[in-house]
Amino acid sequence: MIKLIFSLVLLMLSMLVLFRAPTNFFWLVAVALTNFPYIPMLLTGFSFYLGDRAERFHWPILAISSIAFIIFSLPIISGYRQTVTVPTAMNKIFPVNNEDELPVVFSLFKMFTPNATMAFQSFVYKRAGGKDLLADFYPAKIKTPASLVIVVHGGSWESGDNKQLPELNSYLASKGFNVAAITYRLAPGYKAPAPAEDVEDAIRFFMEHAAQFKVDTNNIILLGRSAGGQIVLSAAYTLHLPNIKGVINYYGPADMEWGGQVKVNSLVLNTDKIYRSYFGGLYGEVPEKFRESSALVHADRTSPPTLMIHGTIDPLVS
């Protein structure tokens, strides 16, 4: 009976791959299952082994384990299929001289190997409200002045720090970009547009210290994840700085007016609390704050080239 229950639990967990999670806890579990699918796949393989040796419920355990294994493998199948579709689509929008130089989109081997990180230096780029705002600087692996990527972390505008995703920062530095992962003023102590102002000050800091950091001040790229994505879009579209040559948004909301009017399952994400913390109220109370923070409102022909990367289960993004 224990073996059967174990296989049923795995099957129920596999449903998080197919359907939206009912609570924040299961949403986090779903994120883990789809980012590291080989772990539940190994567990279902073990369940299959137990079922093969079981005297009772032999065939039900084998069947349940096989179904769960297939469902858990769907993210890997999807990733493999995109090894063809993603490079082709990207190259149409952002052409490269040599397609052979493009990195492999998906690799089974890389699933099991840690990503390399490199050393960085931390600097205070701004002091605000008695607090130091930091930049972790990853120097480009080239000797000449290089473009600068300013990375802004996620955390619903009220948490997180610039220590997130050091592997991405290291990868970009290894490809010839200077990278500055910054902290910014957090809610509820500071409201929008304070973080976008911090991004502007980070740009000015590195422009003033361009010789020290070997930064090509004519080529600055903003990159943000989640809440950081909203921040970099807002900064890039409102600052109108000609040296911002691109902005990359990893699943951050570009239309806060839309997001402010959509009701989501509060058990998954308490957006009312988040909005009150960052904007000082809900959409019906401070609509102007939502509007000024919406990159969509500010987009025009002068906006820098933009890459937006989204999934399908974020309640704040259509």
Could you tell me if the side chain of [Y] sits less than 4.5 Å from the side chain of [X], heavy atoms only?
X: Asp272; Y: Leu282; result: yes
X: Asn169; Y: Asn162; result: no
X: Leu222; Y: Ile150; result: yes
X: Leu134; Y: Lys126; result: no
X: Ser65; Y: Leu10; result: no

Exercise. Would the Phe279 and Phe290 ring centres measure less than 6.0 Å apart?
Worked result: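 Yes, ring centres under 6.0 Å apart.
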
According to a 4.5 Å side-chain heavy-atom criterion applied to Ile, Leu, Val, Met, Phe, Trp and Tyr, with indirect links allowed, do [X] and [Y] form part of one hydrophobic cluster?
X: Ile221; Y: Ile309; result: yes
X: Trp27; Y: Met12; result: no
X: Ile2; Y: Phe46; result: no
X: Val124; Y: Val179; result: no
X: Met41; Y: Leu8; result: yes

Quick check: are there more than 12 heavy atoms from other residues, nucleotides or ligands sitting under 6.0 Å from [atom1] of [X]?
X: Lys163; atom1: NZ; result: yes
X: Met308; atom1: CE; result: no
X: Phe26; atom1: CZ; result: no

Identify the two heavy atoms, one from [X] and one from [Y], that lie closest to each other, and give their separation to 0.1 Å.
X: Thr44; Y: Ala68; result: CG2-CB, 3.7 Å
X: His298; Y: Glu292; result: NE2-O, 3.0 Å
X: Tyr275; Y: Gly259; result: OH-O, 3.1 Å

Set of ring-ring contact (aromatic ring centres under 6.0 Å, His included) partners for [X], sequence neighbours left out:
X: Phe177; result: none
X: Phe206; result: Phe137, Phe213
X: His209; result: Phe205
X: Tyr138; result: Phe120

Can you give the donor-acceptor pairs under 3.5 Å from side chains of residues 31-38 to other protein atoms, not counting sequence neighbours?
unit_1	atom_1	unit_2	atom_2	d
Thr34	OG1	Ala30	O	2.8
Thr34	OG1	Val31	O	3.2
Asn35	ND2	Val31	O	2.8

Rounded to the nearest 0.5 Å, what separation is found between the [atom1] atom of [X] and the [atom2] atom of [Y]?
X: Ile67; Y: Phe72; atom1: CD1; atom2: CZ; value: 12.5 Å
X: Leu165; Y: Ser170; atom1: CG; atom2: OG; value: 10.5 Å
X: Ile220; Y: Leu148; atom1: CD1; atom2: CG; value: 5.5 Å
X: Phe69; Y: Leu42; atom1: CZ; atom2: CG; value: 8.0 Å

Is a side-chain N or O of [X] found less than 3.5 angstrom from the main chain of [Y], in a donor-acceptor match?
X: Thr306; Y: Pro304; answer: yes
X: Ser14; Y: Leu11; answer: yes
X: Gln261; Y: Glu257; answer: yes
X: Asn24; Y: Leu269; answer: no
X: Ser303; Y: Tyr237; answer: no
X: Ser294; Y: Met256; answer: yes
X: Arg185; Y: Tyr190; answer: no
X: Lys214; Y: Ala146; answer: no

- request: Share the residues that join Phe48 in a hydrophobic cluster, the rule being Ile, Leu, Val, Met, Phe, Trp or Tyr side chains under 4.5 Å apart at the heavy-atom level.
  value: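 Answer for Phe48: Trp59, Leu62.
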
Check your understanding: In the hydrophobic cluster built from side-chain contacts under 4.5 Å, what are the other members alongside Ile70?
Key ->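 Besides Ile70, the cluster holds no residue at all.
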
* So, Ser277 versus Glu158: side-chain donor-acceptor pair below 3.5 Å or not? ->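 Result is yes, a qualifying pair exists.
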
Under the side chain to side chain contact (heavy atoms under 4.5 Å, CB included) test, which residues partner [X], sequence neighbours left out?
X: Thr302; answer: His240, Asp300
X: Leu267; answer: Thr23, Asn265
X: Glu288; answer: Val286
X: Leu18; answer: Met15, Ile71, Leu74

Test side chain to side chain contact (heavy atoms under 4.5 Å, CB included) on Leu168 and Val151; report intermediate values, then the result.
CA-CA 10 Å; Leu168 175 60; Val151 178; 5.6 Å; no

Under-4.0 Å salt bridge between Asp201 and Arg127: no

Q | Pair Arg204 + Glu208, salt bridge at N-O below 4.0 Å | A |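 Not counted as a salt bridge, because no side-chain N and carboxylate O are separated by less than 4.0 Å.
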
* Asked: Do Glu167 and Tyr171 pass the side chain to side chain contact (heavy atoms under 4.5 Å, CB included) test, and can you show the C-alpha distance, the side-chain angles, and the key distance before you say yes or no?
  -> CA-CA 6 Å; Glu167 299 88 355; Tyr171 173 81; over 6 Å; no

Before giving the answer on side chain to side chain contact (heavy atoms under 4.5 Å, CB included), spell out for His153 and Tyr184 the whole-Å C-alpha distance, their side-chain angles and the decisive distance to 0.1 Å. CA-CA 9 Å; His153 66 82; Tyr184 53 88; 3.2 Å; yes

Pairs of donor and acceptor atoms involving the side chains of residues 223-235, under 3.5 Å and at least two apart or interchain, shall be tabulated with distances.
unit_1	atom_1	unit_2	atom_2	d
Arg225	NH1	Tyr251	OH	3.2
Arg225	NH2	Gln164	OE1	2.5
Gln230	OE1	Trp157	NE1	2.9
Gln230	OE1	Tyr278	OH	3.3
Gln230	NE2	Ser293	O	3.0

